[in-house]
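The shown structure was predicted, so the numbers you read here are calculated from the model rather than taken from an experiment.
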Amino acid sequence: MIQVKDLKRTYVVGKVEVHALRGVSFGVEKGEFLAIMGPSGSGKSTLLHQLGLLDTPTSGEIVIDGVDVIGLSEHERTIFRLNQLGYVFQEYAILPELTALENVYLPSMMMGKKREHYLKSSTDILETVGLGDRLHHLPRELSGGEQQRVAVARALVNKPKILFADEPCANLDTESSRQILELFKKLNKELGQTIVMVSHEEWHKKYVDRIIYLKDGMIEKIS
């Protein structure tokens, strides 16, 4: 599903070069739940942003489902992200004035899909994540865990091939975090959803299939 070869990312801060990634190579199988772990500053989020086409690497190769995504134009990358990838971040990034259902179907509506299609698909995915009784609630009427579930539903509504999650439990308490991770595991096992998640919590390990440990921008080990 994903093949990464000798990936490097260097940032220039003033007159200083920061080597966030120093030649990372690995693969992700279709239907795998992969975690990227490591200490602060190890390059976890930087790596996720390269894989998710949210940033452009300094050098190296990324092939997703047979497509050399680094070679795509900016417009092609945008279309690829919209149709093939889903994202969940630390911040829920849902609009406070919209209901759960409206937040989920907004991307599909913006893509020009038919109303009956996006209403059904959004309702179905909200039911899948356990929010079938919260369709018309505003974010302020939802707990943090429920708001993150709305974000997960929005990320999945267009049936992406890969779901990228960057510290999705960072702003949640332990119980809400457990619920989100169990949801990810359910989506992975029951729907075959490929998931790549950044995490720094050791107890999250039991939910994933495999872990890539980063240190100083390099792979320390894979387990």
Side-chain angles (χ1 to χ4, degrees), residues 1-2 28 30-31 33 45 48-56 62 64-65 67 69 72-172 176 179-181 183-184 186-188 190-198:
M1 178 61 74
I2 306 176
V28 181
K30 183 177 181 180
F33 188 176
S45 291
L48 195 79
H49 288 173
Q50 313 308 307
L51 300 179
L53 310 189
L54 300 174
D55 190 20
T56 302
I62 303 175
I64 299 179
D65 203 24
V67 177
V69 294
L72 299 177
S73 68
E74 191 57 44
H75 176 70
E76 290 170 334
R77 287 164 64 91
T78 299
I79 297 302
F80 191 91
R81 285 195 300 265
L82 282 172
N83 291 301
Q84 308 294 341
L85 310 178
Y87 307 89
V88 179
F89 302 101
Q90 294 181 32
E91 297 78 20
Y92 318 131
I94 57 178
L95 299 175
E97 65 272 18
L98 299 183
T99 66
L101 182 62
E102 290 167 340
N103 266 288
V104 173
Y105 73 56
L106 184 61
S108 297
M109 184 177 71
M110 297 297 290
M111 291 172 67
K113 295 187 177 181
K114 293 183 178 179
R115 177 177 173 81
E116 59 267 27
H117 171 79
Y118 65 67
L119 282 176
K120 184 180 187 307
S121 61
S122 298
T123 299
D124 288 348
I125 194 63
L126 279 165
E127 289 176 348
T128 298
V129 303
L131 292 177
D133 60 345
R134 294 287 193 272
L135 299 180
H136 305 295
H137 285 61
L138 294 168
R140 67 174 179 271
E141 300 171 315
L142 302 173
S143 68
E146 288 173 333
Q147 290 183 57
Q148 190 64 299
R149 284 172 179 260
V150 173
V152 171
R154 182 184 55 194
L156 294 173
V157 69
N158 289 327
K159 296 181 170 59
K161 291 184 177 178
I162 306 166
L163 176 65
F164 293 106
D166 190 0
E167 300 274 13
C169 302
N171 293 329
L172 301 176
S176 296
Q179 292 174 0
I180 290 297
L181 292 169
L183 172 61
F184 280 179
K186 173 184 175 182
L187 295 168
N188 172 248
E190 296 183 7
L191 303 182
Q193 179 67 57
T194 305
I195 303 174
V196 180
M197 177 182 74
V198 164

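Here the closest non-hydrogen pair linking E146 and L131 is O-CD1, 3.6 Å. R154 and P107 make their closest contact through CG-CG, 3.8 Å (heavy atoms, listed as atom of the first residue, atom of the second, distance). Nearest heavy atoms, V129 versus A153: CG2-CB, 4.1 Å. Between A151 and V88 the shortest heavy-atom distance is O-CG2, 4.2 Å. The nearest pair of heavy atoms linking E127 to G132 is CG-CA, 3.8 Å. In this structure, A100 and V150 approach most closely via the heavy-atom pair CB-CG2, 3.8 Å.
For the atom pair CG (L135) and OG (S122), the distance works out to 9.5 Å, reported to the nearest 0.5 Å. The CE atom of M109 lies 10.0 Å from the CG atom of L119; values are rounded to the nearest 0.5 Å. Separation of atoms CZ (R140) and CD (E97) is listed at 10.0 Å; rounding is to 0.5 Å. A distance of 9.0 Å separates CE of M1 from CD1 of I64, quoted to the nearest 0.5 Å. With rounding to the nearest 0.5 angstrom, the CZ atom of R134 is 13.5 Å from the OG1 atom of T99. Atoms CG and CD1, on L72 and I62 in that order, are 10.5 Å from each other to the nearest 0.5 Å.
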Begin with the C-alpha distance, continue with both residues' side-chain angles, and end with the deciding distance and a verdict on side-chain contact (heavy atoms from CB on, under 4.5 Å) for I180 and R149.
CA-CA 7 Å; I180 290 297; R149 284 172 179 260; 3.8 Å; yes

Using the side-chain contact (heavy atoms from CB on, under 4.5 Å) rule, take L54 and F164 through it: C-alpha gap first, then chi angles, then the decisive distance, then the call.
CA-CA 11 Å; L54 300 174; F164 293 106; over 6 Å; no

Set out, in order, the CA-CA distance, both residues' side-chain angles and the distance that settles side-chain contact (heavy atoms from CB on, under 4.5 Å) for V104 and T123, then state yes or no.
CA-CA 9 Å; V104 173; T123 299; over 6 Å; no

Kindly determine whether M111 and N83 satisfy side-chain contact (heavy atoms from CB on, under 4.5 Å), including the steps that lead there.
CA-CA 10 Å; M111 291 172 67; N83 291 301; 3.3 Å; yes

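Panel note: side chain D166, backbone V198; no donor-acceptor pair is recorded below 3.5 Å. At distances below 3.5 Å, at least one donor-acceptor pair connects side-chain atoms of Q148 with backbone N or O atoms of F89. A donor-acceptor pair under 3.5 Å is absent between the side-chain atoms of N188 and the main chain of T194, judged by distance alone. A distance-only check finds a donor-acceptor pair linking the side chain of N103 to the backbone of L98 [under 3.5 Å].
Looking only at side-chain heavy atoms (C-beta outward), K113 and N158 come within less than 4.5 Å of each other. Residues H117 and S108 fail the side-chain proximity criterion, which asks for heavy atoms closer than 4.5 Å.
In this structure, Y118 and Y105 have tilted ring planes: the angle between them lies in the 30° to 60° band.
Under the side chain to side chain contact (heavy atoms under 4.5 Å, CB included) rule, L163 has a single partner from V196, L85, L156, which is L156.
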